[in-house]
Amino acid sequence: MLKITLPDGSVREFDSAVTVLDIAKNISSGLAKATLAGVVNDKLVDASTLITADATVRLITDKDPEGLEVIRHSTAHLLAQAVKQLFPAAQVTIGPVIENGFYYDFSFERPFTPEDLIAIEKKMANLVDQNIKVERVEMSREEAIEFFDSLGEKYKVEIISSIPAGEIISLYKQGDFIDLCRGPHVPSTSKLKAFKLMKVAGAYWRGNSDNEMLQRIYGTAWRNKDELKEYLHLLEEAEKRDHRKIGKQMELFMMSDYGPGFPFFLPKGMQLRNALEDFWRKKVLRNDYSEIRTPIMLHKELWEISGHWFNYRENMYTSEIDEMEFAIKPMNCPGAVLVYKNGLHSYKDLPLRMGELGLVHRHEFSGALHGLFRVRNFTQDDAHIFCTPEQIESEVIQVINSIDEFYKTFGFSYEIFLSTKPEKAVGSDEIWQIAEGALANAMQKIGVPYTLNEGDGAFYGPKLDFKIKDAIGRMWQCGTLQLDFNLPERFDIHYIGEDGNKHRPVMLHRATCGSLERFIGILIEHYEGKFPFWLAPVQAVVVNISEKQAEYANSVYEQLKLAGVRAEIDLSNEKVGYKIRQHSMQKVPYLLVIGDNEVANNQVTVRRQDGSDLGAMSLEEFLGLNN
RNA sequence: GCCGGAAUAGCUCAGCAGGUAGAGCAGCUGACUUGUAAUCAGAAGGUCGAGGGUUCGAUUCCUUUUUCCGGCACCA
């Protein structure tokens with residue numbers, strides 16, 4: 001007698017061993033049809049898994065998140081099966097589930113073409129129609145190695161070799177295709193109803209750039225056709241938000257072949273940027289920080305002391321002048337340390353907080369460049385805090401709160417990552433442990449959740465990274481808070497303590513936006529260019545209906561400028577409809593329309609970017625709208 | 001940096017299979033004097049990313065190179 005406990009607490013009894021699918025059948029035939037897999041005693045398994053002892057069982061259909069994952073994983077196998085049928089010479093490697101879909105890496109003599117993708121997708125659909133059963137097979141390690149070796153699948157052999165001894169090696173067989181896989185999978189290919197191959201790309205074997213490059217095929221898979229359609233539509237919408245596209249349309253910034261990765265800010269982009277900088281000074285610096293500006297280029301020796309010359313050299317631009325070597329700063333910290341060293345400091349001065357909008361240059365790989373998100377020169381909204389070890393915790397908390405408040409203004413969601421000691425690092429393990437502990441403690445104290453990101457710290461200290469989600473769900477590192485015991489040591493900086501002796505201060509590096517350029521890129525996508533009034537490059541355009549109102553329109557325009565509004569005037573001989581369209585497309589928050597009526601009543605008619613009409617009002621009333 | 005794709009007017013894009021390029025919008029000129037997302041007409045605008053090659057002839061084919069796009073790897 002076998003007792004199976006279901007999620008609702010009910011117990012079903014069976015005479016002998018049953019499969020997950022049998023249990024589903026026992027409940028209803030509809031459920032049996034929908035069952036993709038099962039969770040037996042908290043372990044995700046195939047629907048065909050035989051249960052031989054009492055167990056708690058949950059049936060997985062496409063309604064469960066696990067179900068969708070199984071669908072995606074099985075679709076990856078389906079892809080591999082299709083590829084092997086069409087291109088027998090291709091070797092299979094790995095094919096994991098990713099967000100929204102899956103990919104599969106193949107080793108093949110040539111890259112797959114878009115035409116290949118179409119053929120593969122067709123073959124996949126054909127395999128689905130054949131309703132091929134997917135079966136699990138278990139083998140010993142030796143058997144499995146021999147098996148894949150005989151097929152010439154050397155990558156699979158390599159993977160098996162790296163599986164810890166003693167672990168069961170499972171394979172999945174669907175028709176003539178057998179793949180090494182942990183599973184579980186859908187019971188039959190007919191369960192895969194909505195998928196699409198998206199793109200081909202090169203990818204390194206095992207993610208290591210020293211290894212061979214494989215051919216990766218990306219696909220997306222969903223529960224049904226409607227969800228697939230919805231997802232494809234979402235991608236289209238996300239594309240419209242692309243900051244590179246909007247940046248061009250709205251004339252915010254440009255790029256030039258003469259400076260790949262070096263963005264140019266156009267007049268409108270500068271208006272946006274200045275608005276952001278003003279806000280940053282008001283919100284982040286407040287009265288808590290002083291502001292400094294340090295040189296772009298400094299002597300090599302400084303970078304040797306800081307450690308950059310040995311740890312960051314490959315990213316640095318250098319120049320030789322008067323037979324001396326200089327480097328363009330990739331970071332602002334050494335300059336800030338020089339400012340600190342410019343005078344003596346008492347414990348009474350600490351914490352000493354210095355902000356800097358510092359322009360840094362980093363030589364990034366050409367393939368990494370991406371609009372404003374990834375550039376070769378960018379402005380960090382940097383700040384350095386010099387404090388005593390006792391002050392670390394309160395400073396860390398203050399910074400976290402400040403960043404949180406700043407992001408909230410824009411309605412951004414974000415995640416925090418704690419990055420620990422990397423391979424290439426300065427300072428002892430002991431110092432690193434203290435620093436990592438200090439960051440973790442501060443977060444625990446104020447109850448902020450975070451994810452550990454091991455080995456990803458800066459070479460001089462551990463850090464907290466604040467990652468913002470962009471329009472398409474990509475995460476971008478923006479804010480950062482780095483704890484540094486090393487630079488103070490290297491530059492031998494100190495403060496005079498209460499006891500009259502010299503003490504070593506601790507240094508905190510912090511940034512809220514991270515890179516102003518990247519942050520602006522994210523803002524563009526976040527708002528789709530429809531910036532809130534305070535950020536909008538052009539806040540209002542005065543539009544006349546005919547020449548008759550030109551004089552009054554001009555006086556309105558002048559008054560707007562006097563009131564500090566970033567305004568433009570459009571007196572062109574076009575119909576109002578045309579002008580409205582032009583400025584609406586430029587996403588100007590307010591259009592002030594002026595015809596004979598407005599002139600007569602000394603008013604303006606206000607139209608918002610979203611098309612809503614606020615009607616006629618006095619200019620004073622309009623100015624009051626955003627105060 | 002690696003793999004693949006792309007580069008044609010200011011912008012968005014056509015250009016079949018080699019025969020020195022075309023549209024819409026913007027810009028310019030003129031007419032219209034306009035009431036909430038495109039008024040009409042006219043003229044103009046291009047070394048077809050750059051270098052080299054094949055050819056009687058190259059935007060088109062080959063090659064080198066630059067930049068961009070999608071991934072990988074790296075990162076704010």
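Per chain, numbering begins at 1; letters A, B, ... match sequence-line order.
Judged by distance alone, with hydrogens and angles left aside, A:Glu314 brings no side-chain donor or acceptor close enough to the base of B:rG1 to form a pair under 3.5 Å. Contact annotation: side chain of A:Glu364 to base of B:rA76, donor-acceptor pair present below 3.5 Å. Side-chain atoms of A:Tyr204 come within donor-acceptor range of the base of B:rG1, with a qualifying N/O pair under 3.5 Å. For B:rC72, the base has no donor-acceptor partner in the side chain of A:Arg206 [N/O atoms by modelled type, under 3.5 angstrom].
Between A:Glu528 and A:Lys587 there is no salt bridge, since no side-chain N of the basic residue sits under 4.0 Å from a carboxylate O of the acidic one. Look at A:Lys408 and A:Glu405 and you find no salt bridge, because none of the NZ, NE, NH1 or NH2 atoms lies under 4.0 Å from a carboxylate O.
Taking a pair as Watson-Crick or G-U wobble with both distances under 3.5 Å, the runs of three or more consecutive pairs in RNA chain B are B:1-7 with B:66-72, B:10-13 with B:22-25, B:28-31 with B:39-42, B:49-53 with B:61-65.
For the P atoms, the distance from B:rG1 to B:rU39 is 48 Å, rounded to whole Å. Spacing of C1' atoms, B:rU29 relative to B:rA44, comes out at 10 Å, to the nearest Å. As rounded to the nearest Å, B:rC68 and B:rG27 have C1' atoms that lie 26 Å from one another. B:rU66 and B:rA50 are spaced 7 Å apart, taking the C1' atom of each and rounding to whole Å. Look at the C1' atom in both B:rC74 and B:rA21: the space between them is 43 Å, to the nearest Å. Using P as the reference atom, B:rC3 and B:rU20 are 37 Å apart when rounded to the nearest Å. Spacing between B:rU59 and B:rC13 at atom C1', rounded to whole Å, works out to 15 Å. Distance noted for atom P between B:rU54 and B:rU60: 15 Å (whole Å).
Note on ring orientation: taking the six-membered ring where Trp is involved, the planes of A:Trp476 and A:His370 are tilted (angle from 30° to 60°). Using the six-membered ring where Trp is involved, A:Phe279 and A:Phe410 have ring planes that are perpendicular, over 60° apart on the 30 and 60° scheme. Relative orientation of the A:Trp205 and A:Tyr155 rings is perpendicular, given thresholds of 30° and 60° on the angle between their planes. Between A:Phe622 and A:Phe533, the ring planes lie perpendicular to each other; the angle is over 60°, past the 30° to 60° tilted range.
Side-chain atoms of A:Tyr218 lie closest to B:rC72 of the nucleotides B:rC72, B:rU39, B:rU36. Among B:rA76, B:rG70, B:rU34, the nucleotide with an atom closest to any side-chain atom of A:Arg244 is B:rG70. Looking at the side chain of A:Pro260, the nearest of the listed nucleotides B:rU34, B:rC72, B:rU67 is B:rU67. Among the nucleotides B:rA37, B:rC32, B:rG35, the one closest to the side chain of A:Asn573 is B:rC32. Considering only the side chain of A:Asp596, B:rG35 comes nearest among B:rA76, B:rG35, B:rG70. Listed candidates were B:rA73, B:rA37, B:rC72. Nearest to the side chain of A:Met585 is B:rA37. Out of B:rG1, B:rG35, B:rA76, the shortest distance to the side chain of A:Phe365 is found at B:rG1. When each of B:rG35, B:rU39, B:rU67 is scored by its nearest atom to the side-chain atoms of A:Asp257, the top-ranked nucleotide is B:rU67. Of the candidate nucleotides B:rU36, B:rG71, B:rA38, B:rA38 has the atom nearest to the side chain of A:Tyr578.
In this structure, A:Val375 reaches the bases: a heavy-atom distance under 4.0 Å links it to at least one base atom across the strands shown. Across all strands, A:Gly577 comes closer than 4.0 Å only to sugar-phosphate atoms, never to a base (heavy-atom distances). Backbone-only contact: A:Lys548 has heavy atoms under 4.0 Å from sugar-phosphate atoms and none from a base. A:Val593 comes within contact range of at least one nucleobase, with a heavy-atom separation under 4.0 Å. In this structure, A:Gln380 reaches neither bases nor backbone, as no heavy-atom distance under 4.0 Å exists between it and the strands shown. Within 4.0 Å of A:Gly207, counting heavy atoms only, lie sugar-phosphate atoms of the nucleic acid but no base atom. Counting non-hydrogen atoms under 4.0 angstrom, A:Thr605 reaches a base of the nucleic acid. Residue contacts for A:Arg607: at a heavy-atom cut-off of 4.0 Å it reaches a base atom on one of the strands shown. Heavy atoms of A:Asn597 sit under 4.0 angstrom from at least one base atom. Residue A:Thr480 is classed as having no contact, given no heavy-atom separation below 4.0 Å to the nucleic acid.
Across the protein-nucleic acid pair, A:Glu574 atom CD and B:rU33 atom P stand 14 Å apart, rounded to whole Å. Put simply, CZ on A:Phe417 is 14 Å from C1' on B:rC75, counting in whole angstrom units. Atom NE2 of A:His363 and atom P of B:rG1 are 6 Å apart (whole Å). With rounding to whole Å, A:Leu117 atom CG is found 12 Å from B:rG70 atom C1'. Put simply, CG on A:Leu481 is 14 Å from P on B:rA76, counting in whole angstrom units.
Under 4.0 angstrom from either OP1 or OP2 of B:rG70 there lies at least one side-chain N or O belonging to A:His370. Between B:rC75 and A:Tyr312, no contact under 4.0 Å exists linking OP1 or OP2 to a side-chain N or O. At B:rG1, none of the side-chain N or O atoms of A:Ser209 fall inside 4.0 Å of OP1 or OP2 (strictly under the cut-off). Under 4.0 angstrom from either OP1 or OP2 of B:rG71 there lies at least one side-chain N or O belonging to A:Lys199. Within the structure, every side-chain polar atom (N or O) of A:Lys467 is placed at least 4.0 Å from both OP1 and OP2 of B:rA76.
For the residue pair A:Asn544 / A:Tyr552, no side-chain donor-acceptor distance below 3.5 Å is found, with atom types taken as modelled. There is a side-chain donor-acceptor pair under 3.5 Å between A:Thr480 and A:Gln482. Inspection of the A:Tyr590 and A:Asn626 side chains reveals an N or O donor paired with an N or O acceptor under 3.5 Å.
Here the side chain of A:Asn453 pairs no donor or acceptor atom with the backbone of A:Asp456 at under 3.5 angstrom.
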Base-contact (B) and sugar-phosphate-only (S) positions in nucleotides 3-14 of chain B, heavy-atom cut-off under 4.0 Å, - elsewhere = BS------SS--

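Along RNA chain B, the nucleotide nearest A:Arg374 and the nucleotide nearest A:Met255 are compared for position; the residue whose nucleotide lies closer to the 5' end is A:Met255. Projected onto RNA chain B by closest heavy-atom contact, A:Gly514 and A:Gln582 fall at different nucleotides, the more 5' of which corresponds to A:Gln582.
Both geometric conditions, a ring-centre gap below 5.5 Å and a plane tilt below 30°, are fulfilled for A:Phe378 over the base of B:rA76.
With rounding to the nearest 0.5 angstrom, the CZ atom of A:Arg510 is 11.0 Å from the NE2 atom of A:His384. The structure places CG of A:Leu252 at 8.5 Å from CZ of A:Phe265, a figure rounded to the nearest 0.5 Å.
Here the rule is side chain to side chain contact (heavy atoms under 4.5 Å, CB included) with A:Phe378, and of A:Pro263, A:Cys513, A:Ser515 only A:Ser515 fits it.
Shown here are the ring-ring contact (aromatic ring centres under 6.0 Å, His included) partners of A:Tyr204, two or more places apart in sequence or in another chain: there are none.
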